[in-house]
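By convention in this document, chain letters (A, B, ...) are assigned in the order of the sequence lines, proteins followed by strands, and residues within each chain are numbered from 1.
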Protein chains: 2
Amino acid sequence: MTTKTYGQYCGVARALELVGERWALLIVRDLLVAPKRYTDLKAGLPKIPTNVLATRLKELEAAGLVVRTIQPRPSGAIVYELTPYGAGLDEVVLALGRWGARSLGELRPGEIVTADILVMALRSTFQPGKGKAAYELRFGDLVIHALVDGDELTAQPGPLTGEAKQPVVVEAFAPLGPLLTGAVDGAEALKQGLIKTSGTASDLDRFAGSFRIGPAPA
Amino acid sequence: MTTKTYGQYCGVARALELVGERWALLIVRDLLVAPKRYTDLKAGLPKIPTNVLATRLKELEAAGLVVRTIQPRPSGAIVYELTPYGAGLDEVVLALGRWGARSLGELRPGEIVTADILVMALRSTFQPGKGKAAYELRFGDLVIHALVDGDELTAQPGPLTGEAKQPVVVEAFAPLGPLLTGAVDGAEALKQGLIKTSGTASDLDRFAGSFRIGPAPA
DNA sequence: CGGGATCCGCAACGATACTG
DNA sequence: CAGTATCGTTGCGGATCCCG
């Protein structure tokens, strides 16, 4: 790790020295959604060996991307959280997810989807607009919600809370790939049974407009 | 590689399965500047083991990111080129470089800078503007040039060619980090001797304006 | 039970030498 | 020029074990 340098004075090379090792950016991806405990990270990344998770967390902490904090009593839990520096990887992870999503074909056997994955996928397709809207997206028994306010988006796991006026509930079905990459538009997705909504067709249009569910951009 | 999957139906995970291995994104970075032959890639990445370079190129080709073409005679050279799919990594590489550049401190012993690195670093700091301009950036004996036309930028290795009206020539000195990350603005960089220009102070301002050489954005 | 540490076999990487 | 071949070393994957 000390001597595993690329030998280049280059931002890309330096970034890869910091987060280029296996699993590192997936840990960052999950921490971008919310701070988490070791066990939560493990649950979101079932296939990561525990020693690798522990090693990565130490490396990320040593590099200043992550802080390890101990919650006050009574929980006393150990929580890993991104520093502002680490959170700066947001656009990197979103860009990477946007590019990789178009190679998402069918759900392969053994592959899982988590709420964190859905949140970041939804964020990666967001396009700023105007007006306010509240969405709840369901996929199997996963539920996330998103609040759009102009060019601001907050997306988090869990159902909508509070009283949003005219919330739109969208249910999605596998495979999610075409939906998340804009390979199909809202109407087509509805016809193919990839999604359905509790609201009207115009609700779906609003949703599609906010999240680049529609024809792929040129 | 066949079974080295992350087990997640996620764009980020899929992207990392394709270009997450060591050296892969640095090869893509250099190919984003221009198609290259094996030897050129090797020259731009002196520390890559030759077998790893050969392996990566085969993997990238098999994944459809790179095509291997044989030039017509008399050269007969073998050239590696990004497909449109592979070129889609452009924003990923730029985002990664932008994030990593702020960890570029002093030039570490043994570290090199190449023209391709400069080109991508410059591109990563570009901010669309209006008007036309032609720049030539020099660093040691490296020379690159950039043509700005509104929100279009073309940056390539080598000096300016053709007759640009009022080209601005900027000479940069190590360390480049602060310059490329906006830690200093144009005037301050000039004062610190990080850059100097053949033109006037307003030329430097134009340059700084086009390339986010200036106070870091909030 | 949360939060790791330890150990082992294997696949990938790094360095160098060699070749069509 | 464009790669293979070989070999020592490192890191990863999988499992088990440990400690407060």
Side-chain angles (χ1 to χ4, degrees), chain A residues 1-8 13 16-27 30-31 35-62 66-81 110-112, chain B residues 1-8 13 16-27 30-31 35-63 66-81 110 112:
Chain A
M1 190 271 209
T2 46
T3 156
K4 283 296 282 300
T5 134
Y6 288 104
Q8 311 219 126
L16 290 174
E17 288 168 5
L18 293 169
V19 294
E21 286 172 313
R22 220 164 140 69
W23 296 102
L25 273 182
L26 295 183
I27 295 171
D30 283 4
L31 290 181
K36 283 184 176 57
R37 313 193 312 187
Y38 186 92
T39 314
D40 302 329
L41 285 166
K42 184 89 188 67
L45 301 165
K47 292 192 63 177
I48 194 175
T50 72
N51 58 347
V52 172
L53 177 53
T55 304
R56 289 293 168 275
L57 287 171
K58 273 182 212 149
E59 290 167 352
L60 293 174
E61 194 188 355
V66 161
V67 285
R68 178 185 192 270
T69 58
I70 303 183
Q71 297 290 96
R73 308 254 54 173
S75 86
I78 298 173
V79 171
Y80 294 92
E81 186 169 3
E111 263 181 352
I112 64 164
Chain B
M1 191 270 201
T2 44
T3 158
K4 283 294 280 301
T5 138
Y6 288 104
Q8 311 219 123
L16 290 174
E17 289 168 5
L18 292 169
V19 294
E21 287 173 311
R22 222 167 138 66
W23 295 102
L25 272 181
L26 294 183
I27 295 171
D30 283 5
L31 290 181
K36 282 185 177 55
R37 308 191 309 186
Y38 185 93
T39 313
D40 302 329
L41 286 166
K42 184 86 189 66
L45 301 165
K47 293 192 63 178
I48 194 176
T50 71
N51 58 350
V52 172
L53 177 54
T55 304
R56 289 294 166 276
L57 286 172
K58 274 180 209 148
E59 290 166 352
L60 293 174
E61 195 189 353
V66 161
V67 284
R68 180 185 189 269
T69 57
I70 304 182
Q71 296 291 95
R73 310 255 48 174
S75 87
I78 297 172
V79 171
Y80 294 91
E81 186 170 2
I112 64 165

Colleague: Please find the pair of heavy atoms, one from Arg56(A) and one from Arg22(A), that lie closest to each other, and give the distance.
Modeller: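 Taking Arg56(A) first and Arg22(A) second, the nearest heavy atoms are NE-O, 2.8 Å.
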
Colleague: Nearest whole angstrom, please: distance from the P of dC13(C) to the NZ of Lys47(B).
Modeller: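 Checked: the NZ to P distance equals 16 Å.
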
Colleague: Assess whether side-chain contact (heavy atoms from CB on, under 4.5 Å) is satisfied between Glu17(B) and Tyr6(B), documenting all intermediate values.
Modeller: CA-CA 7 Å; Glu17(B) 289 168 5; Tyr6(B) 288 104; 3.5 Å; yes

Colleague: By the definition side chain to side chain contact (heavy atoms under 4.5 Å, CB included), identify the one residue from Leu57(A), Val52(A), Val66(A) that meets it with Ile27(A).
Modeller: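 Result for side chain to side chain contact (heavy atoms under 4.5 Å, CB included) with Ile27(A): Leu57(A).
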
Colleague: Name all residues meeting the ring pair (Phe, Tyr, Trp, His ring centres under 6.0 Å) criterion together with Tyr80(A); count only those two or more places apart in sequence or in a different chain, and write none if there are none.
Modeller: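 Counting only residues at least two positions away or on another chain, Tyr80(A) forms no ring pair (Phe, Tyr, Trp, His ring centres under 6.0 Å).
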
Colleague: Check the distance between dG3(C)'s C1' and Arg56(A)'s CZ and give it to me in whole angstrom.
Modeller: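 For the pair Arg56(A) CZ and dG3(C) C1', the rounded distance is 18 Å.
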
Colleague: Partners of Tyr38(B) by ring pair (Phe, Tyr, Trp, His ring centres under 6.0 Å), sequence neighbours excluded?
Modeller: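 Checked Tyr38(B) against ring pair (Phe, Tyr, Trp, His ring centres under 6.0 Å); zero matches.
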
Colleague: How many Å lie between CD1 on Ile27(A) and P on dG4(C), as a whole number?
Modeller: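 My rounded result for the distance is 12 Å.
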
Colleague: Output the rounded distance in Å from CD1 (Ile48(A)) to P (dG14(D)).
Modeller: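 Distance check: Ile48(A) CD1 to dG14(D) P gives 11 Å.
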
Colleague: When you get a sec, tell me which of dG2(C), dC12(D), dG14(C) is the closest nucleotide to the side chain of Lys4(A)?
Modeller: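 Closest nucleotide to the Lys4(A) side chain: dG14(C).
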
Colleague: Would you sort out whether Leu31(A) and Leu41(A) count as a side-chain contact (heavy atoms from CB on, under 4.5 Å), showing the intermediate values?
Modeller: CA-CA 8 Å; Leu31(A) 290 181; Leu41(A) 285 166; 4.0 Å; yes

Colleague: Between the axis at one end of the helix from dC1(C)-dG20(D) to dG20(C)-dC1(D) and the axis at the other (five pairs apiece), what's the angle to 10 degrees?
Modeller: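 One end's axis against the other's: 30°.
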
Colleague: Is any NZ, NE, NH1 or NH2 atom of the basic residue among Lys58(B) and Glu61(B) found under 4.0 Å from an Asp or Glu carboxylate oxygen of the other?
Modeller: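 The answer is no: the pair does not qualify as a salt bridge.
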
Colleague: Summarise how protein sits on nucleotides 3-9 of chain D as a single string, 5' to 3': B when a protein heavy atom is under 4.0 Å from the base, S for sugar-phosphate-only contact, - for no contact.
Modeller: BBBB---

Colleague: Hey, which of these two, Thr55(A) or Pro49(B), hits DNA chain C nearer its 5' end, going by closest nucleotide?
Modeller: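 The answer here is Thr55(A).
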
Colleague: Can you sort out the partners of Gln71(A) under side-chain contact (heavy atoms from CB on, under 4.5 Å), two or more places apart, ordered by chain and number?
Modeller: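 For Gln71(A), the residues satisfying side-chain contact (heavy atoms from CB on, under 4.5 Å) (neighbours in sequence not counted) are Thr69(A), Ser75(A), Ala77(A), Val79(A).
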
Colleague: What is the separation between atom CG on Leu16(B) and atom C1' on dC12(D), rounded to the nearest whole Å?
Modeller: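 The answer, rounded to whole Å, is 15 Å.
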
Colleague: Can you tell me the distance, in whole Å, between the CG atom of Leu26(B) and the C1' atom of dG14(C)?
Modeller: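 Going from CG in Leu26(B) over to C1' in dG14(C) covers 16 Å.
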
Colleague: In whole Å, I'd like the distance from the CZ atom of Arg37(A) to the P atom of dC1(C).
Modeller: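 Going from Arg37(A) (CZ) to dC1(C) (P), I get 13 Å.
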
Colleague: From CG of Leu45(B) over to C1' of dG14(C), roughly how many Å is that when rounded to an integer?
Modeller: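 It is 15 Å, rounded to the nearest whole Å.
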
Colleague: Under 4.0 Å from OP1 or OP2 of dT10(D): is there any side-chain N or O of Arg22(B) that close?
Modeller: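 Negative; the distance criterion is not met.
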
Colleague: Taking side-chain contact (heavy atoms from CB on, under 4.5 Å) as the test, write out the residues that go with Lys42(A), two or more places apart.
Modeller: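 Only Ile48(A), Thr50(A), Leu53(A) meet the side-chain contact (heavy atoms from CB on, under 4.5 Å) criterion with Lys42(A).
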
